[in-house]
Amino acid sequence: MSTNGTRGRPRQALVSQTRPPEVDRDSGSQQVDLYIRWLLDAGWSVTFMSSNTDGDEHHAHRLRQLGVPVHIGHDQAEEVIAAGAFDLA
């Protein structure tokens with residue numbers, strides 16, 4: 001597990017994109033998905049935030065199954081960012 005050394009907690013990353021990665025639709029989403037999986041494999045805690053609310057829910061569900069909290073829309077952005085103590089965004 002990757003820890004930051006000062007607090008002994010897993011490093012935390014915030015990944016943001018207009019929609020949850022639609023890996024079956026475009027290569028950019030495949031790259032974002034690969035990055036999220038790489039962080040998880042390295043022991044990071046990953047949170048995902050998207051701005052658009054019109055994406056296909058099964059893509060967000062797939063991230064949740066990996067243990068990634070998913071926040072859709074801007075209405076929660078300030079709260080998520082303030083509470084997250086992210087090491088990488």
Side-chain angles (χ1 to χ4, degrees):
M1 178 176 292
S2 176
T3 61
N4 67 8
T6 59
R7 293 176 228 144
R9 64 169 175 77
R11 290 186 178 259
Q12 297 195 37
L14 174 64
V15 177
S16 181
Q17 181 173 295
T18 55
R19 292 184 179 93
E22 299 175 336
V23 297
D24 57 342
R25 295 187 184 168
D26 66 86
S27 63
S29 286
Q30 292 170 1
Q31 291 294 331
V32 171
D33 187 73
L34 183 64
Y35 182 60
I36 290 170
R37 288 173 182 273
W38 178 80
L39 287 167
L40 291 170
D41 288 346
W44 287 64
S45 174
V46 178
T47 299
F48 183 84
M49 184 178 302
S50 71
S51 56
N52 288 356
T53 59
D54 62 351
D56 192 334
E57 175 58 30
H58 86 270
H59 297 291
H61 179 71
R62 186 183 50 76
L63 289 177
R64 288 185 189 106
Q65 286 182 314
L66 294 172
V68 176
V70 176
H71 303 277
I72 306 294
H74 288 296
D75 54 331
Q76 300 174 350
E78 286 186 37
E79 180 182 330
V80 169
I81 292 168
F86 296 105
D87 300 296
L88 176 67

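Since the model is a prediction, treat every value here as computed from it, not as a measurement.
- Linking Ile, Leu, Val, Met, Phe, Trp and Tyr residues whenever their side-chain heavy atoms come within less than 4.5 Å leaves Trp44 and Leu34 in two separate clusters.
- Taking CD1 of Ile36 as the start and OG1 of Thr47 as the end, the distance is 10.0 Å to the nearest 0.5 Å.
- By the 4.5 Å heavy-atom criterion applied to side chains, Leu88 and Arg11 are not counted as neighbours.
- Pairing each heavy atom of Val23 with each of Arg62, the nearest pair is CG1-NH2, 3.7 Å.
- Nearest approach of Val68 to Val46, heavy atoms of both residues: CG1-O, 3.4 Å.
- Evaluation of the side chain to side chain donor-acceptor pair (under 3.5 Å) rule for Asp26 yields Ser29 as partners, not counting sequence neighbours.
- Judged purely by atom type and a 3.5 angstrom limit, Gln17 uses its side chain to pair as donor or acceptor with the backbone of Arg19.
- With sequence neighbours left out, Gln31 forms a side chain to side chain donor-acceptor pair (under 3.5 Å) with no residue at all.
- Under 4.0 Å is where a charged nitrogen must lie from a carboxylate oxygen, and between Asp33 and Arg37 at least one such pair does.
- Summarising the hydrophobic clusters (Ile, Leu, Val, Met, Phe, Trp, Tyr; side-chain heavy atoms under 4.5 Å, direct or chained), the residues clustered with Leu14 are Met49, Val80, Ile81, Phe86.
- For Gln65, the side chain to side chain donor-acceptor pair (under 3.5 Å) partners at least two apart in sequence or on another chain are His61.
- Take Ser27 and apply the side-chain contact (heavy atoms from CB on, under 4.5 Å) test, not counting sequence neighbours, and it matches Gln30.
- Nearest heavy-atom pair across Gly43 and Pro10 is O-CB, 3.7 Å.
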Practice prompt. Please lay out, stage by stage, how His59 and Arg25 fare under the test side-chain contact (heavy atoms from CB on, under 4.5 Å).
Written response: CA-CA 11 Å; His59 297 291; Arg25 295 187 184 168; 4.3 Å; yes
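- With sequence neighbours excluded, the residues satisfying salt bridge (charged side-chain N to carboxylate O under 4.0 Å, His left out) with Glu57 are Arg64.
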